[in-house]
Amino acid sequence: MKTFITSLRLSLAFMLLCGLAYPFAVTGVAQAVLPDQANGSIISNQGKEVGSKLIGQDFHDPKYFQGRVSSIKSDAAGSGTPNYAPSNEDMKKRVEESISTWKQTNPDVPLNQVPVDLITNSGSGLDPHISPEAAFAQIPRIAKAIGLSSDRLHQLVEKNTQGPELGLFGEKRVNVLELNLDLNRELQR
Amino acid sequence: MFVSLTIVSVAITLLIALALAKPTGNYLANVFDYESRRGGARFFAPIEKLLLGIGGVEARDQSWKQYAKALVLANTLMILLVYLVFRFQGALPLNPNHIESMEPTLAFNTAISFMTNTNLQHYSGESGLSILSQSIGIVFMMFVAPASAFVAAIAFMRGLAGKSLGNYFVDLVRSIVRVLLPISLVCAFFFIAQGVPQTMDATHTVTTLEGAQQSIAVGPVGSFLSIKELGNNGGGFFGVNSAHPFENPTALSNALQMILMLLLPISLPFTYGRIVGNAKQGRVLFVAMAMLFLVGLGITWGMENAGNPVINAMGVQHDAGSMEGKDVRFGTALSAFYATVTTASETGAVNTMHDSLTPLGGLMALSNMLLNTVFGGVGAGILNVLLYAMVAVFLSGLMVGRTPEFLGKKLEPREMKLIAATLLIHPFLILGATAIAFATHYGFDAISNPGFHGITQALYEYTSSAANNGSGFEGLGDNTPFWNLSTGIVMYLGRYLSIILLLAVAGSLASKRHVPETVGTFRTDNALFAGVWVGTVLIVGALTFFPALVLGPIAEFLTLG
């Protein structure tokens, strides 16, 4: 009985200390010191909130750079993937569809220049990045659609390429939303 | 050339963890030495005194039975309390997204899952839990769960050293106040600086460039994330865990997560060396585990980097390897690294979808959990490692025909019976439960990937439960009463049966007379013993699980592409 009462009291004490005091204290400090990150790295464009720097969006318009395949249509109220096994026939079908769509919309770029990240579902369903190669492969389509020179598009991709962190950690990558925002700015000039 | 740079970053991450292991191990030994005035005693004493006062704890040494009873009783009570929070979260405060109360079998599963340090999740974090449930349910358990296994391991080490086992409640308070809470607090801010959200606000809505509405779930993720990794909990704030850009925004947040996952598991061999007074043996066990770890890492990386033969055959540019279920910022290298660390340390956090790993990549993740001795989770891991060390001593003793000794204590029939029983729990739970799933329609109904991979899905789910890992082949449709109840039971038994039996071993050894070492004593602190230990782990593991592995990942590998 004594063990029971001690357990109960300590449980409630730790619920307060670890469960409430700890996260609320961290939240208080973070909101004061790092408000941008703490609230989800939201990007505003002309006073409107257009997304988060860290969360991918679905782009369908051929004039925009497109990101990873997302089975949840980049709905960041949740997160997820179809969890296909390498041997799953449904995955094979989906990849084949992506490839045939690619061939229709990007007739100038042969398949062997299409990096694998463009035709595979990301882990989060919200991947904000593609590889630089995946961005370069889309340049001919976009150049045709909006009439901007390939060289200028190349520069924009380079500008939005980040990583690896400290020159070593992680992969080189392009933030698709930020790149498309730059693209819009370029067109408005 | 890209790969070579990544190797350097992986090596740096491992070296940082390695450099921290010994000082942390020594610090832990001081924390749990009741006589010591080091280990932060002066600074933390007032908080500890307050907590022990609230609990009405008498700081008396406990027998192994009292220690085990206090541990199991306290843990079971915590499961009950959190179960109630989940069941009534819809009516309780701090629920800005108006999330409904949890269904009974799911609440049963989730409460056990987090209390046993498993963090198997049959719900999705964004839509299944209110902020109150995330706080006083999940985060609370993320502290007390690892703390409980942690102190069980300390008590076991004290027993081996011939000392009294200590007091469960004193140890629990010390482990949280002096270890888990301060480290979590500091690391939370690093994560937030990298871009992890920390807010009590509800979901954010924005208008995308193409004019659509996008809802973006946020929350107090930073504070959650650091204890998730440090405590080898692994449950995600978001459904996809550390693959979510908010739960792992950069390669640097990724590196810190891996260091935190490894920190306590790799420090405990050094703590062990200090407590039993044989630093060399602690080092020998550390090196033996590190070898198993590096082999697993190498194979996983190689397989993921080679890619999926089915996709490679379609003619796209596949230098990046198998990218299905992976995010670009991590690529195959950091994904394979994370998969190895999370399964070796029994954390269960993921930054890549394990269901989509290549067959042999998935096999290595599964093997780390089946062996359950490649460092393992905080506390539970070192207990298993020492269990295998005693089995190794016993088998060697049989071969040369004399009574096995470990740390100057004779291992006699009573201890060996307890050890053998502990050894059998793991395969019995995993293989038994998987067999039941497939003997009934429940197994087939839940699998989402047809063929051999489906067998791996169910096997992985129960392995992850029994080993208290918590990662999953998440395609499995596991939020059903059958899976909720069966994995709940497997997690509970996998956790507490082995802790009770091993505390009994410790109690039994503590009371034995020390046998002086002679030239004929089989040494357990040299390279030969490291070899015998690795051999024992592999032979016992392989004999037990090989048939099941052949039916699952190995068959998928052989038939792919």
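Naming convention: chains lettered A, B, ... in sequence-line order (proteins, then strands); numbering from 1 in each chain.
B:N248 and B:N254 are linked by a side-chain donor-acceptor pair at a separation below 3.5 angstrom, with hydrogens and angles left out of the test. With hydrogens and angles left out, the side-chain atoms of A:R152 and A:Q155 include a donor and acceptor closer than 3.5 Å.
Between B:R329 and B:D327 there is a salt bridge, since a side-chain N of the basic residue sits under 4.0 Å from a carboxylate O of the acidic one. Salt-bridge formation is detected for the pair A:D108/A:K144: a Lys NZ or Arg NE/NH1/NH2 atom is positioned less than 4.0 Å from an Asp or Glu carboxylate oxygen. Between A:R94 and B:E324 there is a salt bridge, since at least one side-chain N of the basic residue sits less than 4.0 Å from a carboxylate O of the acidic one.
For A:L8, the parts sitting under 4.5 Å from any heavy atom of chain B are the backbone and the side chain alike. For A:L16, no part lies under 4.5 angstrom from a heavy atom of chain B. A:K92 touches chain B through backbone and side chain together, each having a heavy atom under 4.5 Å away. Proximity to chain A (any heavy atom under 4.5 Å) is restricted, for B:L94, to the side chain, taken from C-beta onward. B:S356 touches chain A through backbone and side chain together, each having a heavy atom under 4.5 Å away. Both the backbone and the side chain of B:V173 have a heavy atom closer than 4.5 Å to some heavy atom of chain A. If you measure heavy-atom distances from B:S335 to chain A, you find no contacts under 4.5 Å at all. At a 4.5 Å heavy-atom cutoff, the contact between B:Q214 and chain A is made by side-chain atoms alone. Only the side chain of B:E556 comes within less than 4.5 Å of a heavy atom in chain A; its backbone stays farther off. Only the side chain of B:L77 comes within less than 4.5 Å of a heavy atom in chain A; its backbone stays farther off. Proximity to chain A (any heavy atom under 4.5 Å) is restricted, for B:I12, to the side chain, taken from C-beta onward. Heavy atoms of B:I311 lying under 4.5 Å from chain A belong exclusively to its side chain. Using a 4.5 Å cut-off between heavy atoms, A:K2 touches chain B through its side chain atoms alone. The parts of B:A70 that come within reach of chain A are both its backbone and its side chain, each placing non-hydrogen atoms under 4.5 angstrom from that chain. Interface residue B:A255: only side-chain heavy atoms are found under 4.5 Å from chain A. Within the 4.5 angstrom heavy-atom criterion, only backbone atoms of B:V196 (N, CA, C, O) approach chain A.
The candidate with the highest count of non-hydrogen atom pairs below 4.5 Å against chain A, out of B:P220, B:G315, B:G239, is B:G315. Considering only heavy-atom pairs separated by less than 4.5 Å from chain A, the leading option among B:T352, B:I176, B:L334, B:V218 is B:I176. Across A:C18, A:G56, A:S79, the residue that shares the most heavy-atom pairs under 4.5 angstrom with chain B is A:S79. Taking chain B as the reference chain and counting heavy-atom pairs below 4.5 Å, the highest number among A:M91, A:Q113, A:K48 is found for A:M91. Interface remark: of the candidates A:L111, A:L168, A:I130, A:L111 forms the most heavy-atom pairs closer than 4.5 Å to chain B. Heavy-atom pairs under 4.5 Å with chain A were tallied for B:V57, B:T203, B:T250, B:N312; the largest tally goes to B:T250. In terms of non-hydrogen atom pairs under 4.5 Å with chain B, the most contact-rich of A:F4, A:F14, A:W102 is A:F14. Chain A forms more heavy-atom pairs under 4.5 Å with one residue of B:G307, B:S322, B:S135 than with any other, namely B:S135. Considering only heavy-atom pairs separated by less than 4.5 Å from chain B, the leading option among A:G78, A:A13, A:S74, A:G28 is A:G78. Among the candidates A:V33, A:N184, A:V69, A:L181, the residue making the largest number of heavy-atom pairs closer than 4.5 Å to chain B is A:L181. For chain A, the option among B:M78, B:H318, B:H204 with the highest count of heavy-atom pairs below 4.5 Å is B:H204. For the set B:I136, B:V139, B:L50, the count of heavy-atom pairs under 4.5 angstrom toward chain A peaks at B:I136.
A distance below 6.0 Å separates the ring centres of B:F143 and A:Y22. Remark: aromatic rings of B:F237 and B:H244 are distant, center separation not under 6.0 Å.
If you take CD1 on B:I192 and CG on A:D36, they are separated by 12.5 Å, rounding to the nearest 0.5 Å. We find the CD-CG distance between A:E178 and A:L156 to be 12.5 Å, quoted to the nearest 0.5 Å. The OG1 atom of A:T81 sits 8.0 Å away from atom CG of B:D355, with the distance rounded to the nearest 0.5 Å.
Between A:V174 and A:Q162 the shortest side-chain heavy-atom distance does not fall below 4.5 Å. Residues B:S226 and B:F191 meet the side-chain proximity criterion, which asks for heavy atoms closer than 4.5 Å. A 4.5 Å side-chain heavy-atom check between B:N449 and B:F473 finds every atom pair outside the cut-off. In this structure the side chain of A:P86 reaches within 4.5 angstrom of the side chain of B:H453, judged on heavy atoms.
A distance-only check finds a donor-acceptor pair linking the side chain of A:S122 to the backbone of A:G125 [under 3.5 Å].
The environment of A:K73 atom NZ is sparse: at most 12 non-hydrogen atoms of other residues, nucleotides or ligands sit within 6.0 angstrom.
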